[in-house]
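In what follows, every heavy atom counts, from backbone to side chain, and hydrogens, waters and symmetry copies are set aside. Each chain gets a letter, A, B and so on, in the order its sequence line appears, and its residues count up from 1.
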Protein chains: 2
Amino acid sequence: MKDLLRDTGMRWTRQRQLIYDEILRRKGHFSAEVIWKKLTTRHPGMGLSTIYRTLQLLEDKKIIKRIPIAGETTIYECEDGTPHGHHHIFCTECGKTIEMHVDMLDSIEEIVMEKYGFEISGHTVMFNGICPECRARLKSDPGDDEPENNPLP
Amino acid sequence: MKDLLRDTGMRWTRQRQLIYDEILRRKGHFSAEVIWKKLTTRHPGMGLSTIYRTLQLLEDKKIIKRIPIAGETTIYECEDGTPHGHHHIFCTECGKTIEMHVDMLDSIEEIVMEKYGFEISGHTVMFNGICPECRARLKSDPGDDEPENNPLP
DNA sequence: GTATCTGCAAACCATTTGCATAGAT
DNA sequence: ATCTATGCAAATGGTTTGCAGATAC
């Protein structure tokens, strides 16, 4: 990373270091806001725009991947060697996103290209629903429609 | 529609009439902005917020369906009896959205529920790509990355 | 007559941008 | 010394909301 930037005339700064470390520390999915909230407490003055600019940069360098969730929010995930072909389920209760692996989906892109003549450049395959944990919580805690504390992904 | 509203104490206004007619006239997919642009030329003064409020209303009444396209835009489609289980392909060149029917997709929801324990409430299965028409146009008209319609700054 | 709608302007909210300054090389 | 990166504030763009006046019932 450090080298990757330097090779293209870009600079390795304290902020980029912090953001990069924070991302590696999580491993899962994360949002710009969450990264910012975490860092800004320990490092007041950290600008939210720096987070966005750095995430953009990391995306360009293929280190992370931006995943806009239709009508909901935007999350990112690390592009660690994980092979493509995984998709996501987003919990509308707690905001958590988990990956799903359904082989069947992998072949659909080709079918779509053949059948409709599109040159497919990407896809969004995303399910929304309520995760097992939230289902359990809602069952034992009916009436309460809002989750008690809503950590963003 | 008229009756559906009146039965719930809501009013059948000129604006709602116009919007409803315009939607029926199209049959396909449409955006709030497009409806507004069309109506506002013939009926100046028509407020964009009225469009949004009416589309919301029509959605509540299950007359149309809102389809947010991740990271791109939001479109709507009529809820004419078409059974569920059709998905979309969005052309990133011209913004057109077409429906696709791929049987395989229908069964995936169940698989996901079983495998991951989510209570699935919805899904976004959307492919992005370049439609056959735009592919042809781009081929005969290279260099021009933007679609033809280029409004003033 | 009165409660619902409308148009307008202002608010929103996540994200982006302009600019003067700080900082990396 | 140079030129990129940062923080701040202000801009953006699509959508929503508050409000006074207009309109359907």
Side-chain angles (χ1 to χ4, degrees), chain A residues 1-20 22 29-37 39-61 64 66-76 90 95 150 152-153, chain B residues 1-20 22 29-37 39-61 64 66-76 90 95 151-153:
Chain A
M1 168 72 184
K2 198 188 270 194
D3 298 335
L4 194 61
L5 290 187
R6 288 220 253 253
D7 291 353
T8 41
M10 292 169 152
R11 285 163 188 184
W12 184 242
T13 65
R14 177 158 171 64
Q15 289 86 335
R16 288 180 177 172
Q17 170 94 265
L18 288 167
I19 295 167
Y20 186 57
E22 183 60 30
H29 302 98
F30 51 89
S31 68
E33 207 198 346
V34 158
I35 298 288
W36 179 69
K37 278 191 178 147
L39 290 181
T40 206
T41 56
R42 206 171 306 236
H43 309 273
M46 166 79 83
L48 181 52
S49 41
T50 301
I51 309 283
Y52 279 109
R53 282 189 279 231
T54 303
L55 292 180
Q56 180 102 262
L57 179 68
L58 293 172
E59 195 192 2
D60 293 344
K61 300 292 177 199
I64 61 177
R66 168 196 266 252
I67 306 170
I69 300 180
E72 295 281 354
T73 181
T74 298
I75 59 171
Y76 299 80
F90 176 79
N150 208 344
L152 284 174
Chain B
M1 168 71 188
K2 200 188 271 193
D3 299 336
L4 194 61
L5 290 187
R6 288 219 255 254
D7 292 351
T8 39
M10 292 169 155
R11 285 160 190 189
W12 185 243
T13 64
R14 177 158 171 60
Q15 289 85 337
R16 288 179 178 174
Q17 169 94 265
L18 288 167
I19 295 168
Y20 186 56
E22 183 60 31
H29 301 98
F30 51 89
S31 67
E33 207 198 347
V34 158
I35 298 288
W36 179 70
K37 278 190 179 148
L39 291 181
T40 205
T41 55
R42 207 171 307 239
H43 310 273
M46 166 80 82
L48 182 52
S49 41
T50 301
I51 307 284
Y52 279 109
R53 281 190 278 230
T54 303
L55 292 180
Q56 181 102 260
L57 179 67
L58 293 172
E59 196 192 1
D60 293 344
K61 300 291 176 196
I64 61 176
R66 169 196 264 253
I67 305 169
I69 300 181
E72 294 280 354
T73 181
T74 297
I75 58 171
Y76 299 81
F90 176 80
L152 288 177

Distance check: side-chain N/O of B:Arg16 vs OP1/OP2 of C:dT4, anything under 4.0 Å?
no
Could you give the CD1-to-P distance, from A:Ile69 to C:dC13, as a whole number of Å?
19 Å
Rounded off to whole Å, could you give me the CD-to-P distance for the B:Gln17 and D:dT23 pair?
16 Å
Polar atoms only, N or O, under 3.5 Å: list the protein pairs with nucleotides 14-18 of chain D and their distances.
| residue | atom | partner | partner atom | Å |
| --- | --- | --- | --- | --- |
| D:dT15 | OP1 | B:Thr74 | OG1 | 3.3 |
| D:dT15 | OP2 | B:Tyr52 | OH | 2.3 |
| D:dT15 | O5' | B:Tyr52 | OH | 3.3 |
| D:dG18 | O6 | B:Arg53 | NH1 | 3.4 |

Let's go through B:Glu22 and B:Gln17 carefully: what are the C-alpha distance in whole Å and the side-chain angles of both, what is the deciding distance for side chain to side chain contact (heavy atoms under 4.5 Å, CB included) to 0.1 Å, and is it a yes or a no?
CA-CA 8 Å; B:Glu22 183 60 31; B:Gln17 169 94 265; over 6 Å; no
May I have the distance from A:Trp36 (atom CH2) to D:dG7 (atom P), rounded to whole angstrom?
11 Å
According to side chain to side chain donor-acceptor pair (under 3.5 Å), who are the partners of A:Gln56, at least two apart in sequence or on a separate chain?
none
Measure the distance from CG on A:Leu18 to P on D:dT6 and round it to the nearest whole Å.
11 Å
Any non-hydrogen side-chain atom of B:Arg14 less than 4.5 Å from a side-chain atom of B:His43?
yes
Hey, what do you get for CD (B:Glu72) to CD1 (B:Ile75), rounding to the nearest 0.5 Å?
11.0 Å
Non-neighbouring partners of B:Arg42 that pass side chain to side chain contact (heavy atoms under 4.5 Å, CB included), sequence neighbours left out
B:Lys38
List for me each residue that meets side chain to side chain contact (heavy atoms under 4.5 Å, CB included) alongside B:Ser49, sequence neighbours excluded, and say none if there are none.
B:Arg53
Looking at residues at least two apart in the chain, or sitting in another chain, which of them share a salt bridge (Lys or Arg N to Asp or Glu O under 4.0 Å) with B:Glu33?
B:Lys37
Check the phosphate of D:dT23 against B:Gln15, side-chain N and O only, distance under 4.0 Å to OP1 or OP2. Yes or no?
no
Does the side chain of B:Leu39 reach to within under 4.5 Å of the side chain of B:Ile51, using non-hydrogen atoms?
yes
Name every residue in residues 39-46 of chain B that has at least one heavy atom under 4.0 Å from any atom of DNA chain C, in order of residue number, or write none if there are no such residues.
B:Gly45, B:Met46
The side chain to side chain contact (heavy atoms under 4.5 Å, CB included) partners of A:Arg66 (sequence neighbours excluded) come to A:Glu59, A:Pro68, A:Thr74, A:Tyr76
Any B:Ile64 side-chain heavy atom under 4.5 Å of B:Phe30 side chain
yes
Residues in side chain to side chain contact (heavy atoms under 4.5 Å, CB included) with A:Thr54, at least two apart?
A:Arg16, A:Ile19, A:Thr50, A:Leu58
Write down the protein N/O and nucleotide N/O pairs, taken from nucleotides 21-25 of chain C, whose separation is under 3.5 Å; answer none if there are no such pairs.
| residue | atom | partner | partner atom | Å |
| --- | --- | --- | --- | --- |
| C:dG23 | N2 | A:Arg11 | NH1 | 2.6 |
| C:dA24 | N3 | A:Arg11 | NH1 | 3.4 |
| C:dT25 | OP1 | A:Arg6 | NH1 | 2.7 |

